[in-house]
Amino acid sequence: MPIRAALALLKPLLEDRSVLKIGADVKHHYVVMNRHGAELCPYDDVTLISYVLNGGTAGGHDLASLADAWLGHKVRDLKELTGSGKSAVAFADVDPANAAAWAAEAADVALRLWQVLKPRLAMDGIVSVYERLERPLVPVLARMEQRGISVDRQILSRLSGELAQGAARLEHEIYELAGERFTIGSPKQLGDILFGRMGLPGGSKTRTGQWATTAQVLEELAAEGHELPRKIVDWRQMTKLKSTYTDALPGYVNPQTGRVHTSYALAATTTGRLSSSEPNLQNIPVRTTEGRKIRGAFIAGKGNKLVSADYSQIELRVLAHVADIHQLRQAFAAGADIHAATASEMFGVPVEGMPGEIRRRAKAINFGIIYGISAFGLAGQLSIPREEAADYIKRYFERFPGIRDYIETTKDFARRHGYVETIFGRRIHYPDIRASNVHLRSFSERASTNARLQGTAADIIRRAMVRMDDALARERLSARMLLQVHDELIFEVAEDEVEATIPVVQRVMENAAMPAVSLSVPLQVDARAADNWDEAH
DNA sequence: AGTCTCACG
DNA sequence: ACGTACGTGAGACTC
């Protein structure tokens, strides 16, 4: 069927404000229709309804999982029609009778799921999470995906060459030191050589009883003066950057747009964060000099700049608010260095002239608190004995008893209800919170205390994103939101609008909790513009 | 498909 | 005595 003919039939219906369109993973359909100039509105999405109702419980929220769980219906897999792998055909090339039957089944199942799930949403009183944080994000993310971002393929190709050279050189040196050739990328072979044949002191074992060869293990051996582990770590970094980024990213450049278009999942994480795939643009390197060169390959289009705006310490600010910790609130209000302030409070050391090591330890504790701290984890992070880590934690809770109370209150709430809530009412379920298995239960306790913080931060940036396009339009600004990386938004902005855009972006992000929640701690957003993502970050 | 490792917040 | 820091996605190797 010609697209024009299909659109003539569909567009009026899709855009009819009096007709509710119901589907699963509506963003996907929104992008497809939008590509042909049709706007899908209004709509309900059973995937998002399920995510809001049952986030954290086992099982996905895609159409097939929901149909199985709620209707006892096994939907036919699209692969039965298109085939899979190399011989797969496009949906457009499937026999129309088969395609129609498959599509009709999906439509029918989506409607029946909506009839079951939508009323439960109202009963559970979390309708505002769906209506304000989930549903309105669909067109926002669809537009971000469609815009894509420019990458400089020359830079990536040059980096690939440099990494190939560096890895090849290391490969020879590794074989020389090992006394034989082997597959460096095989953890099994590497473990056998390091800890078997060469007799280096092995650390921990993996779940399957193999020697662990993680970067941390190899770094410790390197610190003891062993040459080989250091070279393995360097080789791994180079091959990682090459295979995952410099080699793979050019393959994602769309020939029509010349840009890279990621796909965001709205209903993939337990905490309310987004995820990004094909390619994942939420894990572009930044921590090493070599890695940052890859980030530098993400560039603004001609006549534009990239603007990066990120929340400063948003999860610690959320913690200061929800746990109501006066020292933390004061430190944030004063614009202090929060890790130094924590160290000062814990160890009685003035911030002026504080040794770096002291601050580093307080920083690790702050992260630990967010993750659901344990003496074991902190000890591993800081490479100190567990007794010493336990002592730090004890000292921390003596100074910040409100945080110990917060953690206990959260665990207790989770035990009683089976879920925890963000400050905007998002529920995250922990079915194992009352398990008799200590391991399962402890994991749920750490995860649930973390989820309130990570989830609230995720809700805040969602609110900013939902409002951003309107705010920019009201100021007659043409800035386009391109990417989201959990606490950061990246925009493409016409050069002559950069100065006017930055304060608008900051204002929307910093006020994103309002008016639903008035935070007792200010949110701070740092923003800057540059020709590429590395320099803007 | 499972495991291991490592890139990000 | 045990086994643990929270949340992701992707690539390489192995079976």
Side-chain angles (χ1 to χ4, degrees), chain A residues 55-56 182-191 204-218 232-233 235-249 251-252 262-265 268-288 290-292 294-295 310-316 319 364-382 386 389 393 420 428 430 437-455 457-458 461 483-489 533 537:
Chain A
F182 64 104
T183 306
I184 307 170
S186 161
K188 185 169 152 51
Q189 292 184 37
L190 178 63
S204 55
K205 297 264 185 97
T206 66
R207 235 168 26 82
T208 51
Q210 275 185 49
W211 290 111
T213 66
T214 60
Q216 187 175 354
V217 170
L218 300 181
I232 301 284
V233 168
W235 179 88
R236 277 203 183 142
Q237 198 205 18
M238 285 186 189
T239 53
K240 175 82 173 182
L241 295 181
K242 183 170 186 292
S243 62
T244 307
Y245 303 103
T246 60
D247 287 351
L249 282 171
Y252 285 103
T262 186
S263 173
Y264 288 105
T269 71
T270 51
T271 56
R273 276 189 175 182
L274 304 179
S275 75
S276 157
S277 64
E278 292 183 283
N280 182 355
L281 295 186
Q282 291 181 320
N283 73 345
I284 298 303
V286 71
R287 292 175 187 173
T288 65
E290 282 306 302
R292 277 204 293 274
I294 293 167
R295 190 166 281 230
D310 69 296
Y311 285 106
S312 160
Q313 306 289 358
I314 187 165
E315 289 180 7
L316 279 177
L319 173 67
I365 292 168
N366 277 333
F367 275 108
I369 293 294
I370 290 170
Y371 294 155
I373 201 158
S374 71
F376 183 93
L378 182 63
Q381 181 64 40
L382 287 175
R386 193 163 52 180
I393 295 170
V420 293
I428 302 148
Y430 288 90
N437 180 323
V438 184
H439 176 53
L440 275 181
R441 189 175 67 245
S442 301
F443 182 80
S444 294
E445 288 173 354
R446 292 193 301 274
S448 61
T449 48
N450 169 261
R452 282 185 76 188
L453 307 177
Q454 191 183 116
I461 197 165
L483 302 177
Q484 190 253 39
V485 191
H486 308 308
D487 64 356
E488 176 188 15
L489 294 174
W533 189 7
H537 182 75

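As the structure is a computational prediction, the values presented were derived from the model and not from experiment. Convention: sequence-line order gives letters A, B, ...; per-chain numbering from 1. Values reported hereafter were calculated over all heavy atoms of this structure, with side chains retained and with hydrogens, waters and symmetry mates removed.
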Next on the checklist: Under 4.0 Å, heavy atoms only, any strand: does Ala215(A) hit a base, just the sugar-phosphate, or nothing?
Outcome noted: sugar-phosphate
Item to check | Whole-Å P distance, dT4(C) and dT5(B) | outcome: 14 Å
Checklist entry - Base, sugar-phosphate alone, or nothing: which one does Ala379(A) contact when heavy atoms must sit under 4.0 Å apart? => result nothing
Checklist outcome for this item: Output row for DNA chain C, stems defined as at least 3 consecutive Watson-Crick or G-U pairs under 3.5 Å, is B:1-9 with C:6-14
Next on the checklist: Has Ser186(A) got a side-chain atom pairing as donor or acceptor with Gln189(A)'s backbone, closer than 3.5 angstrom?
Outcome noted: yes
Checklist entry - Using a cut-off of 4.0 Å on non-hydrogen atoms, how would the nucleic acid contact of Val438(A) be classed: base, sugar-phosphate, or nothing? => result nothing
Checklist entry - With a 4.0 Å cut-off on heavy atoms, is Ala389(A) in touch with a base, just the backbone sugar-phosphate, or nothing at all? => result nothing
Next on the checklist: Using a heavy-atom cut-off of 4.0 Å across all strands, would you classify Gly185(A) as base, sugar-phosphate, or nothing?
Outcome noted: sugar-phosphate
Next on the checklist: Pick the closest DNA chain C nucleotide for Tyr430(A) and for Ser374(A) by heavy atoms, then say which residue is nearer the 5' end.
Outcome noted: Ser374(A)
Checklist outcome for this item: In numerical order, the residues of residues 445-453 of chain A whose heavy atoms come under 4.0 Å of DNA chain C are Arg446(A), Ala447(A), Asn450(A)
Next on the checklist: Looking at every heavy atom in both Val233(A) and Ala215(A), which two are closest together, and how far apart are they?
Outcome noted: CG2-O, 4.4 Å
Next on the checklist: Tell me if a side-chain donor or acceptor on Ser277(A) pairs with a main-chain N or O of Asn280(A) at a distance below 3.5 Å.
Outcome noted: no
Checklist entry - Which part of the nucleic acid does Thr239(A) contact within heavy-atom distance under 4.0 Å: base, sugar-phosphate only, or nothing? => result nothing
Next on the checklist: Test side-chain contact (heavy atoms from CB on, under 4.5 Å) on Lys205(A) and Trp211(A); report intermediate values, then the result.
Outcome noted: CA-CA 4 Å; Lys205(A) 297 264 185 97; Trp211(A) 290 111; 3.7 Å; yes
Next on the checklist: Regarding Gln237(A), tell me which of base, sugar-phosphate or nothing describes its non-hydrogen contacts under 4.0 Å with the strands shown.
Outcome noted: sugar-phosphate
Checklist entry - Which pair of heavy atoms, one from Pro285(A) and one from Arg295(A), lies closest together, and at what distance? => result O-NE, 3.0 Å
Item to check | Intermediate values then yes/no, side-chain contact (heavy atoms from CB on, under 4.5 Å), Tyr252(A) and Leu281(A) | outcome: CA-CA 11 Å; Tyr252(A) 285 103; Leu281(A) 295 186; over 6 Å; no
Checklist entry - With rounding to whole Å, what would you report as the distance between dA5(C) and dC6(B) at their P atoms? => result 15 Å
Checklist entry - Under a 4.5 Å cut-off applied to non-hydrogen side-chain atoms, are Ser448(A) and Arg452(A) in contact? => result no
Checklist entry - Side chains of Arg236(A) and Leu190(A): does their closest heavy-atom pair fall under 4.5 Å? => result yes
Checklist entry - Going 5' to 3' along DNA chain B, which nucleotides are the first and last within contact of chain A (any atom under 4.0 Å from a heavy atom)? => result dT3(B) to dG9(B)
Checklist entry - When we call it a touch if two heavy atoms are under 4.0 Å apart, what does Phe443(A) touch: a base, just sugar-phosphate, or nothing? => result sugar-phosphate
Checklist entry - Do Asn450(A) and Ile370(A) come within less than 4.5 Å of each other through their side chains, counting heavy atoms only? => result yes
Next on the checklist: What contact category does Asn283(A) fall into here, base, sugar-phosphate, or nothing, at under 4.0 angstrom with non-hydrogen atoms?
Outcome noted: base
Item to check | Closest contact, heavy atoms only, Tyr430(A) versus Ala447(A) | outcome: OH-O, 3.3 Å
Item to check | salt bridge (charged side-chain N to carboxylate O under 4.0 Å, His left out) involving Glu445(A) - partner list, sequence neighbours excluded | outcome: Lys411(A), Arg415(A)
Next on the checklist: Among residues at least two apart in sequence or on other chains, which ones pass ring-ring contact (aromatic ring centres under 6.0 Å, His included) with Trp235(A)?
Outcome noted: none
Checklist outcome for this item: Heavy-atom closest pair (Gln282(A) atom, Leu274(A) atom, distance to 0.1 Å) is OE1-O, 3.7 Å
Next on the checklist: Classify Gln210(A) by what it touches in the nucleic acid, base, sugar-phosphate, or nothing, heavy-atom distance under 4.0 Å.
Outcome noted: nothing
Next on the checklist: Using side-chain heavy atoms (C-beta onward) and a distance below 4.5 Å, is Asn366(A) in contact with Gln313(A)?
Outcome noted: no
Next on the checklist: Counting the atoms with a prime plus P, OP1 and OP2 as sugar-phosphate, which does Glu488(A) contact under 4.0 Å by heavy atoms, base, sugar-phosphate, or nothing?
Outcome noted: nothing
Item to check | Range on DNA chain C touched by chain A, heavy atoms, distance below 4.0 Å | outcome: dT4(C) to dT14(C)
Item to check | Touch class at under 4.0 angstrom, heavy-atom based, for Arg236(A) against every strand present | outcome: sugar-phosphate
Checklist entry - If you look at every strand shown and take non-hydrogen atoms under 4.0 Å, does Ile284(A) touch a base, only sugar-phosphate, or nothing? => result sugar-phosphate
Checklist entry - Of the non-hydrogen atoms in Ile294(A) and Leu249(A), which two are nearest, and what is the gap between them? => result CG2-CD1, 4.5 Å
